[in-house]
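Inspection log for the structure reproduced underneath, given as structure tokens.
These numbers were taken from a predicted model, which means no experiment stands behind them.
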Amino acid sequence: QVQLAESGGGLVQTGGSLRLSCAASGNFFSINVMGWYRQAPGKQREWVAQITSGGSTNYKDSVKGRFTVSRDNAKNTVYLQMNSLKPEDTAVYYCRANYSYWGRGTQVTVSS
């Protein structure tokens, strides 16, 4: 069993940066894949980025070059560094472990 808690969201202007954190409790080393997803108002939840236990990363095309996902095994935490933020990045951001466990989300709002 894994519990996830996101933090780090907030209000930022266009071009600004935020770093989201996803703290995992339980068996962190059982997590093979940690993904970041987002859901904007009136839209379906979408995949944004992911990192494997081996450190391999993948990104949605629209965030490549702006977002970076990383993990700190010592802290049982996965991060999403978001730079050059745009209004269309506004959403609730969720982390997900092994395509099964979800956090409760953190709101990111980018003002124009």
Side-chain angles (χ1 to χ4, degrees):
Q1 190 79 6
V2 174
Q3 293 79 41
L4 305 173
E6 302 93 338
S7 62
L11 173 64
V12 65
Q13 292 185 334
T14 297
S17 298
L18 285 173
R19 188 177 79 158
L20 306 183
S21 300
C22 174
S25 59
N27 190 355
F28 185 75
F29 290 97
S30 72
I31 300 175
N32 294 316
V33 180
M34 184 71 84
W36 283 98
Y37 295 72
R38 66 187 181 188
Q39 186 166 17
K43 295 187 177 181
Q44 289 189 330
R45 193 172 298 188
E46 64 178 5
W47 172 83
V48 175
Q50 69 183 43
I51 185 167
T52 69
S53 57
S56 296
T57 57
N58 282 291
Y59 299 92
K60 178 181 175 65
D61 283 349
S62 63
V63 307
K64 282 181 181 177
R66 300 189 298 124
F67 290 11
T68 303
V69 60
S70 62
R71 62 192 288 164
D72 185 337
N73 291 336
K75 296 183 178 180
N76 288 3
T77 300
V78 174
Y79 303 97
L80 184 67
Q81 177 68 44
M82 306 186 296
N83 299 326
S84 301
L85 283 161
K86 305 175 181 180
E88 51 264 44
D89 295 318
T90 294
V92 178
Y93 283 71
Y94 300 87
C95 57
R96 187 184 189 191
N98 285 353
Y99 307 109
S100 297
Y101 304 100
W102 288 97
R104 299 182 69 175
T106 185
Q107 176 71 48
V108 171
T109 303
V110 184
S111 64
S112 57

Contact list for residues 19-107, test disulfide bond (SG atoms under 2.5 Å apart), sequence neighbours left out: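 Found Cys22-Cys95.
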Expected output: side-chain Thr106 to main-chain Gly9 donor-acceptor under 3.5 Å: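 At least one qualifying donor-acceptor pair exists.
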Side-chain (Glu6) to main-chain (Gly105) donor-acceptor, under 3.5 angstrom: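 Checked: pair present.
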What's the shortest heavy-atom distance between [X] and [Y], and which atoms?
X	Y	result
Leu4	Met34	CD2-CE, 3.9 Å
Ala24	Ile31	CB-CD1, 4.1 Å
Ser112	Thr14	CA-OG1, 3.4 Å

With hydrophobic residues grouped by side-chain heavy-atom distances under 4.5 Å, do [X] and [Y] end up in a single group?
X	Y	result
Tyr59	Val48	yes
Val69	Tyr37	no
Val2	Tyr99	no

Sequence neighbours excluded - salt bridge (Lys or Arg N to Asp or Glu O under 4.0 Å) pairs with any residue from residues 32-59: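 Listed by first then second residue: Arg38-Glu46, Arg38-Asp89, Glu46-Lys60.
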Salt bridge (Lys or Arg N to Asp or Glu O under 4.0 Å) pairs, two or more places apart, involving residues 8-28: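 Of all non-adjacent pairs touching residues 8-28, none passes salt bridge (Lys or Arg N to Asp or Glu O under 4.0 Å).
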side-chain contact (heavy atoms from CB on, under 4.5 Å) assessment of Gln81 paired with Ser70: CA-CA 8 Å; Gln81 177 68 44; Ser70 62; over 6 Å; no
Can you measure from [atom1] ([X]) to [atom2] ([Y]) and round to the nearest 0.5 angstrom?
X	Y	atom1	atom2	answer
Ile51	Ser56	CD1	OG	8.0 Å
Arg96	Asn98	CZ	CG	10.0 Å
Asn83	Phe67	CG	CZ	8.5 Å
Thr57	Trp36	OG1	CH2	15.0 Å
Ser62	Glu88	OG	CD	8.0 Å
Thr52	Asn32	OG1	CG	8.5 Å

With [X] via side-chain contact (heavy atoms from CB on, under 4.5 Å) - residues at least two apart:
X	result
Gln1	Gln3, Tyr101
Val108	Leu18, Leu20, Met82, Tyr93, Val110
Thr77	Ser21, Ala23, Lys75, Tyr79

Within 6.0 angstrom of Gln13 CD, more than 12 heavy atoms from elsewhere: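 12 or below, so no.
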4.5 Å side-chain heavy-atom contact, Val12 and Ser111: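 Side chain of Val12 against side chain of Ser111, heavy atoms only: no contact under 4.5 Å found.
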